[in-house]
Amino acid sequence: VLVKQARDIVHFSDINLKVIEHDKKVDSIVKHALEDGLLEVYYQPIYSPVTGKFSSCEALLRLKDPQLGFISPAIFMPIAERNGTILEIDRFVLNNVCDMIANADVRKYGLEYTEVNLSVVDCIQTNLADNVMGTLDKYGVDTSEINFEITETYEQGITAVMDENITGLRDKGITFSMDDFGTGYSNIVRIATMPVEIFKLDKSIIQSAFDSEKSYMVMLNLIRIIKSLGKEIVAEGVETGEQARQLIKLGCDHIQGFFYARPMPKDQFVQFLKEHNG
Ligand code: C2E
Ligand code: CA
Ligand code: CA
Ligand code: CA
């Protein structure tokens with residue numbers, strides 16, 4: 001047993017060293033990713049049971065390094081937040097999204113709006129609203145065609161600036177979603193006052209709900225609470241037809257997951273809409 005433990009410890013520190021080296025490498029890749037043209041925005045269709053159409057989608061960033069291949073945004077976005085490139089990167093995403101909406105026939109094929117992830121770092125920029133409105137105007141995109149996904153933070157100070165930014169953009173007609181809802185700092189009492197139109201049930205909630213009956217009850221009642229407040233729900237990470245069927249029955253307004261479609265490059269996404277909504 002001791003030998004095994006010792007081996008595990010050695011193995012563990014080996015892995016840690018590799019992680020640190022890897023992080024440094026990714027850090028320098030991220031710093032040059034924009035100018036090197038390594039970033040591409042993918043789109044994941046989101047199904048709306050009421051209309052039977054894919055009326056929205058989520059923009060998800062992809063980084064492909066010539067040597068390392070695809071690097072997950074779950075790895076490189078936190079690094080971008082730390083090294084300060086996140087603002088430029090999220091601007092790149094919003095520009096791509098607006099360009100797609102304005103120039104790629106997606107309106108014609110029934111796309112109503114696109115969900116764009118906003119980092120906390122974006123949310124505390126005092127010029128956020130001006131930047132966003134400038135970009136939308138440049139492409140002739142209506143505020144109703146953009147939805148921003150935010151995540152909760154526990155820091156009061158940050159929350160105050162965020163709320164101000166969010167209120168400003170909502171006044172102009174942009175809707176907001178609470179992403180990863182049910183994980184992290186979610187305070188059940190705050191649901192009532194969160195400045196969002198949509199709650200995205202995190203995929204971990206969906207997945208555990210279909211593993212255990214008690215988790216299912218938690219999910220079911222979360223859905224009830226959100227609906228009773230008159231808010232919309234996106235179920236995320238839906239991987240099977242059975243899950244989709246149940247979630248639709250429970251009243252989820254939008255269903256997102258590999259069951260329907262994976263995130264895909266723009267041209268493929270337009271083709272997808274044409275085939276399914278056209
Ligand atoms: P997220 O915002 O929670 O995005 C949803 C993630 O779930 C995506 O991972 C998506 O590919 C994945 N997903 C969708 N359907 C399924 C499913 O059925 N099963 C499973 N297992 N996963 C599913 P992805 O693309 O790897 O993105 C990871 C995270 O990186 C995102 O989590 C988001 O926090 C961040 N991110 C991605 N793109 C951007 C961006 O443009 N800006 C910012 N600020 N963050 C981004
Ligand atoms: Ca998201
Ligand atoms: Ca999420
Ligand atoms: Ca997330």
Side-chain angles (χ1 to χ4, degrees), residues 26 30 33-34 38-47 54 56-64 69-100 113-125 128 131-132 135 146-153 162 175-186 196 198-211 222 233-244 247 252 254-266 268-269 272:
V26 174
V30 169
L34 271 175
L38 306 181
L39 295 172
E40 184 177 353
V41 181
Y42 275 40
Y43 299 92
Q44 185 175 29
I46 300 176
Y47 180 71
F54 293 87
S56 60
C57 67
E58 179 173 4
L60 292 159
L61 198 55
R62 294 293 175 260
L63 196 174
K64 193 174 181 197
F70 278 106
I71 303 172
S72 163
I75 291 177
F76 76 77
M77 292 310 272
I79 292 175
E81 287 187 352
R82 267 180 271 136
N83 73 19
T85 50
I86 187 79
L87 293 175
E88 250 181 294
I89 290 178
D90 277 345
R91 263 200 294 278
F92 168 85
V93 174
L94 187 62
N95 267 279
N96 270 267
V97 167
C98 289
D99 180 53
M100 179 210 44
Y113 61 93
T114 299
E115 301 183 4
V116 181
N117 291 283
L118 261 196
S119 151
V120 178
V121 183
D122 292 294
C123 292
I124 56 175
Q125 303 300 310
L128 176 73
N131 278 338
V132 166
T135 306
I146 298 291
N147 166 278
F148 281 126
E149 297 189 359
I150 53 169
T151 51
E152 271 189 279
T153 159
M162 265 180 87
T175 58
F176 278 77
S177 298
M178 184 55 65
D179 200 1
D180 302 339
F181 184 69
T183 66
Y185 307 107
S186 309
V196 299
I198 303 176
F199 285 85
K200 292 193 87 169
L201 283 184
D202 191 68
K203 52 181 175 286
S204 64
I205 294 190
I206 307 289
Q207 269 144 27
S208 60
F210 290 94
D211 284 344
L222 272 180
I233 301 176
V234 181
E236 176 192 85
V238 177
E239 295 186 349
T240 69
E242 177 57 18
Q243 290 173 355
L247 289 160
C252 290
H254 311 278
I255 316 282
Q256 175 179 9
F258 296 168
F259 172 64
Y260 290 109
R262 289 184 178 251
M264 56 187 92
K266 182 185 81 183
Q268 220 174 301
F269 174 63
F272 182 97

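Values below: every heavy atom of this structure, side chains too, minus hydrogens, waters and symmetry copies. Every number for a ligand or one of its atoms is a count from 1 in the order of the listing.
Contacts of Val93 with ligand 1, taken as heavy-atom pairs under 4.0 Å, involve the side chain alone. When non-hydrogen atoms are compared, ligand 1 lies under 4.0 Å from the side chain of Asp180 (C-beta onward) but not from its backbone. At a heavy-atom distance under 4.0 Å, atoms from both the backbone and the side chain of Pro73 approach ligand 1. Of all the heavy atoms of Gln44, the ones lying under 4.0 Å from any atom of ligand 1 belong exclusively to the side chain. With a 4.0 Å cut-off on non-hydrogen atoms, Asp90 touches ligand 1 through its side chain and not its backbone.
Restricting Glu236 to its N, O or S atoms, the one at the least distance from the Ca ion (ligand 3) is OE2. When the N, O or S atoms of Asp180 are ranked by distance to the Ca ion (ligand 3), OD1 comes first. Looking only at N/O/S atoms, Glu58 comes nearest to the Ca ion (ligand 2) through OE2. Shortest distance from the Ca ion (ligand 3) to Asp179 is reached at OD1 (N/O/S atoms only).
None of the N, O or S atoms belonging to Asp202 lies under 3.0 Å away from the Ca ion (ligand 3). Among the atoms of Asn117, an N, O or S atom falls under 3.0 Å of the Ca ion (ligand 2). Inclusion of Glu149 in the first shell of the Ca ion (ligand 2) is supported: an N, O or S atom falls under 3.0 Å.
Side-chain atoms of Val41 and Phe92, non-hydrogen and from C-beta on, do get closer than 4.5 Å to each other.
Close contacts of ligand 1 with Gly257, meaning ligand atoms under 4.0 Å from a residue heavy atom, involve 15 (N), 18 (O). Every atom of ligand 1 is numbered from 1 in the order shown, and the set under 4.0 Å from a heavy atom of Pro263 is 11 (O). Close approach of ligand 1 to Glu58 is summarised as follows: ligand atoms under 4.0 Å from at least one heavy atom of the residue are 2 (O), 4 (O). For ligand 1, the atoms lying closer than 4.0 Å to a non-hydrogen atom of Gly237 are 16 (C), 17 (C), 18 (O), 19 (N). Counting atoms of ligand 1 from 1 in the listed order, those under 4.0 Å from a heavy atom of Val238 are 18 (O).
Looking at Phe258, Phe148, Phe70, it is Phe258 that brings a heavy atom closest to atom 18 (O) of ligand 1. Scanning Met77, Glu239, Arg62, Lys200 for the heavy atom closest to atom 43 (C) of ligand 1 points to Met77. Of all the listed residues (Val121, Thr240, Asp179), Asp179 holds the heavy atom that lies closest to atom 1 (P) of ligand 1.
Using cut-offs of 30° and 60° on the angle between ring planes, the pair Phe176 and Phe148 is tilted.
Side-chain atoms of Asn96 and Glu40 form no donor-acceptor pair, as typed in the model, at a separation below 3.5 Å. A side-chain donor from one of Thr175 and Asn147 sits under 3.5 Å from a side-chain acceptor of the other.
When each of Gln44, Lys203, Glu236 is tested with Gln256 by the rule side chain to side chain donor-acceptor pair (under 3.5 Å), just one qualifies, namely Gln44.
Taking any N or O of Lys203, backbone or side chain, at least one lies under 3.5 Å from an N or O belonging to ligand 1. Residue Gln256 places no N or O, backbone or side chain, under 3.5 Å from any N or O of ligand 1. Distances between N or O atoms of Leu61 and those of ligand 1 include at least one value under 3.5 Å.
Taking 4.0 Å as the cut-off, Arg262 does not count as a neighbour of ligand 1 on heavy-atom distance.
Minimum interatomic distance between Ser56 and Glu115 (heavy atoms only, all atoms of both residues): OG-OE2, 4.3 Å.
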